[in-house]
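Okay, so here's the structure we're looking at.
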Protein chains: 2
Amino acid sequence: MALPDRSTTDRTDPPRRRLSRAEQRELTRERLLDAAADVFNRLGYHGASLDAVAEAAGYTKGAVYSNFATKGDLFLALLQRYAVSRARVQGEAIMALPFDKLGEYASRALADQARAQEGWDLLQIEFWLAAMRDPVLRETLAGGSAEVWDELGEQIDRKFAEAGRPIPFTGMEFAKLINALGTGLLINLYIDPDFIEPELFERATRVLLGLPAERGSAD
Amino acid sequence: MALPDRSTTDRTDPPRRRLSRAEQRELTRERLLDAAADVFNRLGYHGASLDAVAEAAGYTKGAVYSNFATKGDLFLALLQRYAVSRARVQGEAIMALPFDKLGEYASRALADQARAQEGWDLLQIEFWLAAMRDPVLRETLAGGSAEVWDELGEQIDRKFAEAGRPIPFTGMEFAKLINALGTGLLINLYIDPDFIEPELFERATRVLLGLPAERGSAD
DNA sequence: GTCTATACACGGATAGAC
DNA sequence: GTCTATCCGTGTATAGAC
């Protein structure tokens, strides 16, 4: 299709010289990653061909291989760029909320997720699958998240202190439960949007926190 | 490897004649499915080659194609054979349990699952992924489970009646929540076996049911 | 009518030209 | 550092042996 617009590089272009080799390489790499994000999102990891990625970026297959060792390597770089620690973002949001609004926030996050992030969710799952059959990737996935959970757990513990009564979970336990529940619900919601009422997730969260949970229309 | 042991077919062999064409075909189909179960489990859908499946069954690739339209078709037949309604099995188990043992059962089921079913879980996820990108498969997946959830929900509703006090969920809601929570936890446990303490799932289940839940070692 | 043998297309990967 | 040419493996399809 259209070649990448060279003019977009102007902002990083000093007036005196053209791009250095390193800069040029970085630029190509970024273009390839952008194209890969689009192609992988649309076709999935296995469905996407490196030819398609290269063409979308305005290069040929060889350019891909000179920047990434393998298809899997490109995929990894992509996910890494995306994983700007969504958990951290959520952590900050949680700290800004009063204790009894946690369920509401979680519920809304789930709905947003289902609406906007479908492609990324699929790629996450595909990466998970690959990791399940590749010990090295598995290690990567397992090792990288411990600190994130620790931090998130601590923040929630501080929120729990607001409650003024015992909660049956530690902050980290609660974070992991909500994350797992959200993941499981999303998997089903993607296939069947009517799998649950939207408010069920919030109600479950309130019950887990020991907050009053009126059962709405059900039964 | 070793050719299939022909003698194992004797039990279905009437003394008067050899196998009819239909029987022979059915036998080949079963052997191919058995081999496919093994190969797909070990290598995953994309990782498995039809050559490998055929060889494991003692045939060549053409035999596969004369019994199944495509690789995806073989995969579907495999999942169908496996999906002997695990939900129904669980439903029966649940009915045999007193109300306050539901959490314990769910917890044990999760542990068993993680131990014995890893390969199948991966295949389920791969199928889910395929369905997410194929409208026909998606329909199949969404449509096939409604009755199962209905039935399971009813059974749990009857259990809830034993409790003698209101539960904040319908039986079906509870079933879906537990299923989603279990799925999400499993996904993480497969990557990191220490993701949660084994008893956390049971504790969460008890909290959702409003049962007393002592917080064990934590904090 | 079932399976073997073979052909073809496509995608990941590599080597070498420029 | 990018691109062309090429190799190999695998899904797909078909012709023909039995």
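Below, chains carry the letters A, B, ... as their sequence lines are ordered, and counting in each starts from 1. Fair warning: this is a prediction, and the values are worked out from it, not measured in the lab.
Counting non-hydrogen atoms under 4.0 angstrom, A/Thr60 reaches a base of the nucleic acid. Using a 4.0 Å heavy-atom cutoff across all strands shown, A/Ala54 reaches no nucleic acid atom at all. Within the nucleic acid shown, A/Ala48 comes within 4.0 Å of sugar-phosphate atoms alone, with no base atom in reach, counting heavy atoms only.
Heavy-atom minimum distance, B/Tyr45 versus B/Glu126: N-OE1, 2.9 Å.
Phosphate proximity of D/dT10 to B/Ser49: absent, as no side-chain N or O sits under 4.0 Å from OP1 or OP2. Distances shorter than 4.0 Å separate none of the side-chain N or O atoms of A/Thr28 from OP1 or OP2 on D/dG1. The side chain of A/Tyr65 places no N or O atom within less than 4.0 Å of a non-bridging phosphate oxygen (OP1 or OP2) of C/dG12. At the phosphate of D/dT12, OP1 or OP2 sits under 4.0 Å from a side-chain N or O atom of B/Thr70.
Look at CG on A/Leu74: it is 11 Å from P on C/dA13, rounded to the nearest Å. Rounded to an integer number of Å, the gap from B/Arg29 CZ to C/dG1 P is 17 Å.
Between D/dC3, C/dG12, D/dG11, one nucleotide has an atom nearer to the side chain of A/Lys71 than all others, and that is C/dG12. Among the nucleotides C/dG12, C/dT4, D/dT2, the one closest to any side-chain atom of A/Leu50 is C/dG12. The A/Tyr59 side chain lies nearest to D/dT2 when the options are C/dG11, C/dT2, D/dT2. The side chain of B/Arg25 has C/dT2 as its nearest neighbour among D/dG1, C/dC3, C/dT2.
Taking CG of A/Leu122 as the start and CD of A/Gln117 as the end, the distance is 11.0 Å to the nearest 0.5 Å. Within the model, atoms OG of A/Ser107 and NZ of A/Lys101 stand 13.5 Å from one another, a figure rounded to the nearest 0.5 Å.
Within 3.5 Å, a donor on the side chain of A/Lys61 pairs with an acceptor on the base of C/dG12, or the reverse.
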